[in-house]
Amino acid sequence: MINIKSLEKKIKYKFTNKKILFLSLTHRSYNFKHNERLEFLGDSILNFIITKKIYYKFNNYKEGLMTRIRSKLVNKINLFKIANKLKLNKYIILGYGETKNNKLYKKSILANTLEAIIGGIYLDSKNIKIIEKIIKILFFKKNFFKKKYNYKDYKTMLQEYLQKKKLPLPKYYLGKIFGKEHEQIFTIYCKINILNKFTIGKGKSKKYAEQISAKKALINLGII
């Protein structure tokens with residue numbers, strides 16, 4: 001039997017309609033009525049609220065930097081960490097096959113369930129302010145907005161250098177993708193005319209892999 005009260009205490013929200021909470025915890029392996037639609041809703045709400053917070057708090061930051069800060073918060077790895085901290089594995093309703101295959105602790109299931117819970121809270125409360133407060137507690141550490149984020153945008157640096165030299169802009173090509181869904185590693189090749197070879201970047205997102213390949217190109221050019 002799931003201890004709903006303990007979960008509600010952890011997420012700082014008490015559901016009026018418990019059916020919505022149970023639905024947000026139900027994996028598709030258990031029932032034809034499952035949490036994927038709530039996951040879709042929660043994902044959209046999470047991205048909107050975090051984008052809004054970053055936009056107003058970091059009002060001098062450019063789009064690229066704000067995007068990287070957001071991706072640091074909403075990527076599946078961070079979602080898994082938060083879900084794991086909440087011990088969502090104790091509450092997820094899985095089918096026998098999933099449980100038997102020991103996928104209860106699979107990162108994607110925990111991350112997706114957290115998004116479904118966020119979607120469920122919105123449906124139950126109909127109050128975006130409540131969601132904002134919960135997301136702030138779960139996703140933002142106390143000193144988050146006091147930090148200075150100085151992520152270097154290597155793609156922009158490379159582009160600006162080539163433009164200054166009146167040279168063709170770099171081209172990026174997607175190579176092999178390794179790993180399972182939500183745990184994939186992307187390979188990106190960067191090609192610029194003044195180098196005789198591609199530079200290769202690998203990462204957990206295409207954008208990050210592009211940054212790595214651009215950085216390597218800048219190193220090869222002696223810019224950094």
Side-chain angles (χ1 to χ4, degrees), residues 43-85 106-108 110-112 114-115 135-136 138-224:
D43 175 66
S44 300
I45 292 168
L46 180 61
N47 272 278
F48 166 70
I49 290 174
I50 285 183
T51 299
K52 180 183 172 185
K53 290 282 185 186
I54 292 169
Y55 180 82
Y56 285 110
K57 290 293 183 180
F58 300 113
N59 52 20
N60 294 321
Y61 285 9
K62 293 182 179 180
E63 179 191 358
L65 182 51
M66 290 191 296
T67 299
R68 286 190 290 283
I69 295 171
R70 182 182 61 189
S71 67
K72 183 180 179 68
L73 292 168
V74 300
N75 66 63
K76 292 295 180 182
I77 294 172
N78 192 48
L79 286 167
F80 165 72
K81 287 179 180 177
I82 294 169
N84 208 32
K85 190 175 179 180
K106 188 176 178 182
K107 291 182 179 180
S108 60
L110 288 166
N112 294 343
L114 178 59
E115 289 178 329
I135 287 174
K136 183 179 179 181
L138 293 178
F139 285 81
F140 295 102
K141 294 180 180 179
K142 289 182 179 179
N143 63 342
F144 183 83
F145 292 114
K146 293 181 181 179
K147 288 182 179 179
K148 289 185 177 180
Y149 292 87
N150 296 309
Y151 298 116
K152 291 186 178 180
D153 188 345
Y154 296 109
K155 282 185 68 179
T156 300
M157 288 173 64
L158 179 60
Q159 181 174 311
E160 289 176 349
Y161 171 80
L162 294 173
Q163 286 175 331
K164 187 177 180 180
K165 296 290 183 181
K166 296 182 179 180
L167 295 168
L169 295 180
K171 293 182 179 179
Y172 297 90
Y173 303 93
L174 177 63
K176 291 184 178 181
I177 302 173
F178 302 94
K180 298 179 181 179
E181 190 178 0
H182 302 308
E183 298 174 4
Q184 293 176 330
I185 300 295
F186 296 89
T187 305
I188 295 289
Y189 296 88
C190 175
K191 174 64 177 175
I192 55 177
N193 288 357
I194 54 175
L195 290 177
N196 294 323
K197 60 181 180 179
F198 289 93
T199 54
I200 304 171
K202 294 183 180 181
K204 293 176 181 177
S205 70
K206 292 177 185 177
K207 288 184 178 180
Y208 182 77
E210 286 175 352
Q211 288 288 335
I212 298 301
S213 63
K215 180 181 179 181
K216 288 182 179 179
L218 287 165
I219 291 170
N220 288 343
L221 291 168
I223 308 303
I224 60 174

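For Asn47 (side chain) and Asp43 (main-chain N/O), a donor-acceptor pair under 3.5 Å exists by modelled atom type. No donor-acceptor distance shorter than 3.5 angstrom exists from the side chain of Asn84 to the backbone of Phe80, with no hydrogens or angles considered. Asn75 places a side-chain N or O within donor-acceptor distance of the main-chain N or O of Lys72, the cut-off being under 3.5 Å.
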Please output the side-chain donor-acceptor pairs of residues 160-171 that fall under 3.5 Å, not counting sequence neighbours, one pair per line with the distance.
none

For residues 207-224, dump all side-chain donor-acceptor pairs below 3.5 Å to protein atoms at least two apart in sequence or in another chain.
| residue | atom | partner | partner atom | Å |
| --- | --- | --- | --- | --- |
| Glu210 | OE1 | Lys155 | NZ | 2.8 |
| Gln211 | OE1 | Tyr154 | N | 2.7 |
| Gln211 | NE2 | Asp153 | OD1 | 3.0 |
| Ser213 | OG | Ala209 | O | 3.4 |
| Ser213 | OG | Glu210 | O | 2.8 |
| Lys216 | NZ | Ile200 | O | 2.8 |
| Asn220 | ND2 | Lys216 | O | 3.4 |

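Heavy atoms from other residues, nucleotides or ligands lying under 6.0 Å from CZ of Phe178 number more than 12.
When the options Lys107, Lys204, Glu115 are evaluated for a side-chain contact (heavy atoms from CB on, under 4.5 Å) with Lys76, the one that passes is Glu115.
Residue Phe139 holds its CZ atom at 10.0 Å from CD1 of Ile49, rounded to the nearest 0.5 Å. The distance from atom CG of Leu79 to atom CG of Asn112, rounded to the nearest 0.5 Å, is 8.5 Å. Atom CG in Leu73 sits 12.0 Å away from atom CG in Leu138 (nearest 0.5 Å). Note that the OH atom of Tyr173 and the OG1 atom of Thr187 stand 16.0 Å from one another [nearest 0.5 Å].
Every side chain to side chain contact (heavy atoms under 4.5 Å, CB included) that Leu174 has, sequence neighbours left out, goes to Ile177, Phe186, Ile188, Lys206.
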Under the side-chain contact (heavy atoms from CB on, under 4.5 Å) rule, what do Leu114 and Leu46 come out as? Steps first, then yes or no, please.
-> CA-CA 10 Å; Leu114 178 59; Leu46 180 61; over 6 Å; no
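Closest approach of Lys53 to Lys136, counting heavy atoms only: NZ-CD, 4.3 Å.
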